[in-house]
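Per chain, numbering begins at 1; letters A, B, ... match sequence-line order.
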Amino acid sequence: MPELPEVETIVRGLRKKIVGRKIVGVWLGWPKLVKSHNPAEFARILKGKKITGVERRGKNILMDLSAPKGVELKLLTHQKMTGHFMVGKWRLAGDKWESLNGGHLGHKKNSYIRLMLTLDDGRGLGLSDVRKFAKIILGERKEIENLPELKKLGPEPLERGFTFSEFEKIAKNKKSAAKRALLDQNFIAGIGNIYSDEILWLSRIHPLQPISSLSKERLQKLFKAIKWVLQKAVRLRGSSVSDYRDSSGKPGSYAKTRFVYRKAGEPCPRCGAKIISMKVGARTGHFCGKCQKISA
DNA sequence: CGATTCCCCTGATAGC
DNA sequence: TGCTATCAGGGGAATC
């Protein structure tokens with residue numbers, strides 16, 4: 001499940017591999033993936049365009065496209081749960097793409113490639129997505145930048161401009177419980193279920209603790225934990241708890257040293273008490289019942 | 001306004 | 001063995 005660190009890792013990989021490349025072919029195996037155009041239009045527009053940049057905003061990937069005399073376009077991708085881009089050499093075998101360099105998750109054939117953009121260097125940019133939750137929107141630069149899914153996003157937690165005073169301001173006005181707030185993309189962008197559990201454990205905050213009730217001192221701890229956990233995860237190239245892989249097919253290593261995520265029943269790395277799992281809204285949260293207590 | 005539920009999907013796993 | 005039920009989960013929309 002790509003969150004900020006996984007998306008950042010993919011974006012950095014893509015920047016090296018595909019910026020400057022021209023799209024020469026478009027194969028769309030799951031038409032519903034593209035929300036903005038029908039498959040024929042989508043392919044017609046993309047063909048011949050040059051990829052001039054790749055950026056991340058929250059968990060979204062934005063690719064800049066330009067044609068010799070055309071308007072500048074942007075391609076927005078949200079990978080949701082199981083989506084990830086893979087760059088490599090590919091061969092179409094029937095209706096399945098076969099990787100010619102390494103395969104994917106132990107299989108040579110990747111049955112889950114939903115989109116393949118073939119590039120002018122003979123490689124291909126594939127989007128693999130088991131559960132078909134990913135989405136793509138293509139449009140003019142301004143149009144994409146003004147989409148509510150980007151406009152409404154909260155601050156980028158790893159940016160220098162995201163300071164404690166800004167965090168304090170938004171946290172004081174936030175009514176919801178800590179776990180819910182961290183998962184809210186319009187509160188802070190990029191945090192998902194893995195890192196919200198990890199951040200709360202590190203700052204010793206109970207998932208249901210109302211965030212606005214935290215003292216300045218505890219809010220500072222939380223703020224530091226957000227930066228620390230996300231930075232560490234970016235350094236370790238993300239978490240591969242299930243099927244996340246980077247754009248070269250390599251797993252991330254954060255999961256090996258994680259504290260609590262999906263560790264119900266195991267001892268807390270800090271105090272040894274059993275880690276508990278609990279539903280928080282529609283998500284499963286994991287935390288230590290002993291060192292993450294709700295306070296008044 | 002916030003909280004909850006449904007929906008989109010498929011693979012893994014548990015239960016029979 | 002093989003079937004079915006359940007769950008996982010990002011996030012937007014509809015609903016309470």
Side-chain angles (χ1 to χ4, degrees), chain A residues 1-8 10-11 28-36 56-62 76-85 95-96 104-107 109-115 127-137 144 146-154 156-157 170-199 207-213 230 233 238-245 255 258 260-265 275-287:
Chain A
M1 48 232 69
E3 303 177 26
L4 186 153
E6 291 77 26
V7 179
E8 182 64 29
I10 289 201
V11 163
L28 181 59
W30 178 250
K32 284 169 82 173
L33 168 67
V34 178
K35 306 298 179 190
S36 54
R56 179 188 64 75
R57 180 73 178 96
K59 302 176 192 173
N60 298 279
I61 295 177
L62 293 158
L76 175 146
T77 306
H78 196 303
Q79 311 181 99
K80 296 286 180 81
M81 298 277 307
T82 55
H84 47 261
F85 280 108
D95 58 348
K96 302 265 161 76
H104 169 74
L105 302 176
H107 305 285
K109 273 186 197 165
N110 185 327
S111 315
Y112 311 120
I113 296 287
R114 310 299 181 196
L115 171 70
L127 177 64
S128 168
D129 182 26
V130 172
R131 290 185 206 170
K132 298 179 173 174
F133 281 8
K135 72 169 179 189
I136 287 183
I137 300 172
I144 297 294
N146 287 325
L147 286 171
E149 40 264 81
L150 293 182
K151 271 270 146 105
K152 286 164 66 187
L153 281 180
E156 282 294 330
I170 58 177
K172 274 189 173 160
N173 295 322
K174 192 75 184 165
K175 291 274 190 306
S176 47
K179 168 96 175 161
R180 210 180 261 284
L182 291 181
L183 289 173
D184 184 349
Q185 300 304 297
N186 303 329
F187 177 61
I188 299 175
I191 300 171
N193 210 23
I194 299 176
Y195 299 111
S196 60
D197 278 356
E198 298 289 286
I199 289 164
L208 296 182
Q209 176 85 41
I211 195 159
S212 59
S213 74
L230 294 176
S239 301
S240 297
V241 174
S242 52
D243 60 357
Y244 164 74
R245 294 294 182 276
R258 72 194 196 271
V260 287
Y261 178 72
R262 284 215 191 173
K263 283 193 162 189
I275 294 166
I276 301 167
S277 80
M278 182 188 62
K279 283 274 175 199
V280 181
R283 301 284 169 269
T284 308
H286 312 79
F287 67 103

Residues two or more places apart in sequence or in another chain: which of them pass ring pair (Phe, Tyr, Trp, His ring centres under 6.0 Å) with A/Phe287?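 Per chain and number, A/Phe287 pairs via ring pair (Phe, Tyr, Trp, His ring centres under 6.0 Å) with A/His206.
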
Report, one line per pair, each donor and acceptor closer than 3.5 Å where one atom sits in a side chain of residues 176-183 of chain A; sequence neighbours left out.
{"residue": "A/Lys179", "atom": "NZ", "partner": "A/Asn193", "partner atom": "OD1", "Å": "2.5"}
{"residue": "A/Lys179", "atom": "NZ", "partner": "A/Ser196", "partner atom": "OG", "Å": "2.9"}
{"residue": "A/Lys179", "atom": "NZ", "partner": "A/Asp197", "partner atom": "OD1", "Å": "2.6"}

Taking everything shown except A/Lys152 itself, do over 12 heavy atoms lie less than 6.0 Å from its NZ?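 12 or below, so no.
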
Strictly under 3.5 Å: I want the nitrogen or oxygen pairs between protein and nucleotides 7-9 of chain C, one per line.
{"residue": "C/dA8", "atom": "OP2", "partner": "A/Lys279", "partner atom": "NZ", "Å": "2.7"}
{"residue": "C/dA8", "atom": "O3'", "partner": "A/Arg262", "partner atom": "NH2", "Å": "3.2"}
{"residue": "C/dA8", "atom": "N3", "partner": "A/Arg131", "partner atom": "NH1", "Å": "3.1"}
{"residue": "C/dG9", "atom": "OP1", "partner": "A/Tyr261", "partner atom": "OH", "Å": "3.0"}
{"residue": "C/dG9", "atom": "OP1", "partner": "A/Arg262", "partner atom": "NH2", "Å": "3.4"}
{"residue": "C/dG9", "atom": "OP2", "partner": "A/Thr284", "partner atom": "OG1", "Å": "3.2"}
{"residue": "C/dG9", "atom": "N2", "partner": "A/Arg131", "partner atom": "NE", "Å": "3.4"}
{"residue": "C/dG9", "atom": "N2", "partner": "A/Arg131", "partner atom": "NH1", "Å": "2.8"}
{"residue": "C/dG9", "atom": "N3", "partner": "A/Arg131", "partner atom": "NH1", "Å": "3.2"}

Could you state the [atom1]-[atom2] distance from [X] to [N], rounded to the nearest angstrom?
| X | N | atom1 | atom2 | result |
| --- | --- | --- | --- | --- |
| A/Tyr195 | C/dG10 | OH | C1' | 15 Å |
| A/Phe187 | C/dG10 | CZ | C1' | 18 Å |
| A/Asp184 | B/dT4 | CG | P | 14 Å |
| A/Leu183 | B/dA3 | CG | C1' | 14 Å |
| A/Gln79 | B/dT10 | CD | P | 18 Å |
| A/Leu33 | B/dC8 | CG | P | 17 Å |
| A/Lys179 | B/dT4 | NZ | C1' | 17 Å |
| A/Asn60 | C/dG11 | CG | C1' | 11 Å |

Quick test: give all pairs of protein nitrogen or oxygen and nucleotides 12-16 of chain C nitrogen or oxygen below 3.5 Å, distance rounded to 0.1 Å.
none

Show your reasoning for whether salt bridge (Lys or Arg N to Asp or Glu O under 4.0 Å) applies to A/Glu149 and A/Lys135. CA-CA 12 Å; A/Glu149 40 264 81; A/Lys135 72 169 179 189; 2.8 Å; yes

For A/Arg57, check side chain to side chain contact (heavy atoms under 4.5 Å, CB included) against everything at least two apart and list the hits.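 With sequence neighbours excluded, A/Arg57 shows a side chain to side chain contact (heavy atoms under 4.5 Å, CB included) to A/Leu62, A/Leu150, A/Leu153, A/Glu156, A/Ala189, given in chain and number order.
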
Give a yes/no answer on whether the side chain of [X] brings an N or O atom under 4.0 Å of OP1 or OP2 in [N].
| X | N | result |
| --- | --- | --- |
| A/Tyr112 | B/dC9 | no |
| A/Lys59 | C/dG10 | no |
| A/Lys132 | B/dC8 | no |

Can you check whether [X] reaches [Y] side chain to side chain, under 4.5 Å on heavy atoms?
| X | Y | answer |
| --- | --- | --- |
| A/Arg114 | A/Leu28 | no |
| A/Lys32 | A/Lys132 | no |
| A/Pro5 | A/Leu230 | yes |

Filter on side chain to side chain donor-acceptor pair (under 3.5 Å), then keep only pairs touching residues 181-190 of chain A, sequence neighbours left out; what's left?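 Output for this query lists A/Lys174-A/Asp184.
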
